[in-house]
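The structure under discussion appears below in the form of structure tokens.
In what follows, residues are counted from 1 in the order of the sequence shown.
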Amino acid sequence: MKKIIKANKIKAGSHIRVIAPSRSMEIVSESVIENAIKRLKSLGFRISFGKHIREKDVFDSTSIESRIDDLHDAFLDSSVDAIFSAIGGYNANQLLPYINYDLISSNA
């Protein structure tokens, strides 16, 4: 039987990494991004972003390699307490064959 991994609750001081596993955050308006950052910081959270979050192709997405890199980097960074998705969409399904589940379970 596989071990169930439960995330710890986040609280003031927790570090949130924002990634874009589906569509590029570039399609979100700056005012929405600024408001979200302001709100999260007002709750005491520290915020960082995946390095490829604003890349954008003709499908308003980012390459699979870049999205996987951001996901894996978030799990490898021991200072990250939570991972938020900037925007949803069906493009996230493209990542499934490339996710390193061992890396995630070792760093969850």
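- Contact record, G13 with D81: O-OD2, 4.5 Å, taken as the closest heavy-atom pair.
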Do S22 and Q94 pass the side chain to side chain contact (heavy atoms under 4.5 Å, CB included) test, and can you show the C-alpha distance, the side-chain angles, and the key distance before you say yes or no?
CA-CA 8 Å; S22 188; Q94 297 170 327; over 6 Å; no
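- Between H15 and D77, the shortest heavy-atom distance links the atoms CE1-OD2, 4.3 Å.
- Shown here is D57, whose CG atom has more than 12 heavy atoms of other residues, nucleotides or ligands within 6.0 Å.
- Smallest separation of non-hydrogen atoms from S66 and E55: OG-OE1, 2.9 Å.
- The OG atom of S85 sits 11.0 Å away from the CG atom of D70 when rounded to the nearest 0.5 Å.
- Hydrophobic clustering (side-chain heavy atoms under 4.5 Å, transitive across Ile, Leu, Val, Met, Phe, Trp, Tyr) groups V32 together with F84.
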Show your working on side chain to side chain contact (heavy atoms under 4.5 Å, CB included) between I33 and R54 and close with a plain yes or no.
CA-CA 12 Å; I33 295 168; R54 290 187 177 266; 3.4 Å; yes
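- Side-chain atoms of S61 and S24, non-hydrogen and from C-beta on, never get closer than 4.5 Å to each other.
- For the atom pair OG of S29 and CG of N35, the computed distance is 8.0 Å after rounding to the nearest 0.5 Å.
- The closest side-chain heavy-atom distance from F49 to I16 is not below 4.5 Å.
- Salt bridge D69/K51: present, at least one basic N to carboxylate O contact under 4.0 Å.
- In this structure, OG1 on T62 lies 11.0 Å from CD on E65, to the nearest 0.5 angstrom.
- Going from atom CG of N100 over to atom OG of S105 covers 8.0 Å, rounded to the nearest 0.5 Å.
- Residues S48 and R17 share a closest heavy-atom pair of OG-NE, 2.6 Å.
- The pair K41-E34 does not count as a salt bridge, with every side-chain nitrogen at least 4.0 angstrom from each carboxylate oxygen.
- Here Y98 is tied into one hydrophobic group with I19, I64, I68, L71, F75, L76, V80, I83, L95, L96, I99, Y101, L103, I104, each link being a pair of ILVMFWY side chains closer than 4.5 Å.
- Of the possible donor and acceptor atoms, one in the side chain of R67 sits under 3.5 Å from a partner among the backbone N and O of N91.
- Closest approach of M25 and V18 over heavy atoms only: SD-CG1, 4.5 Å.
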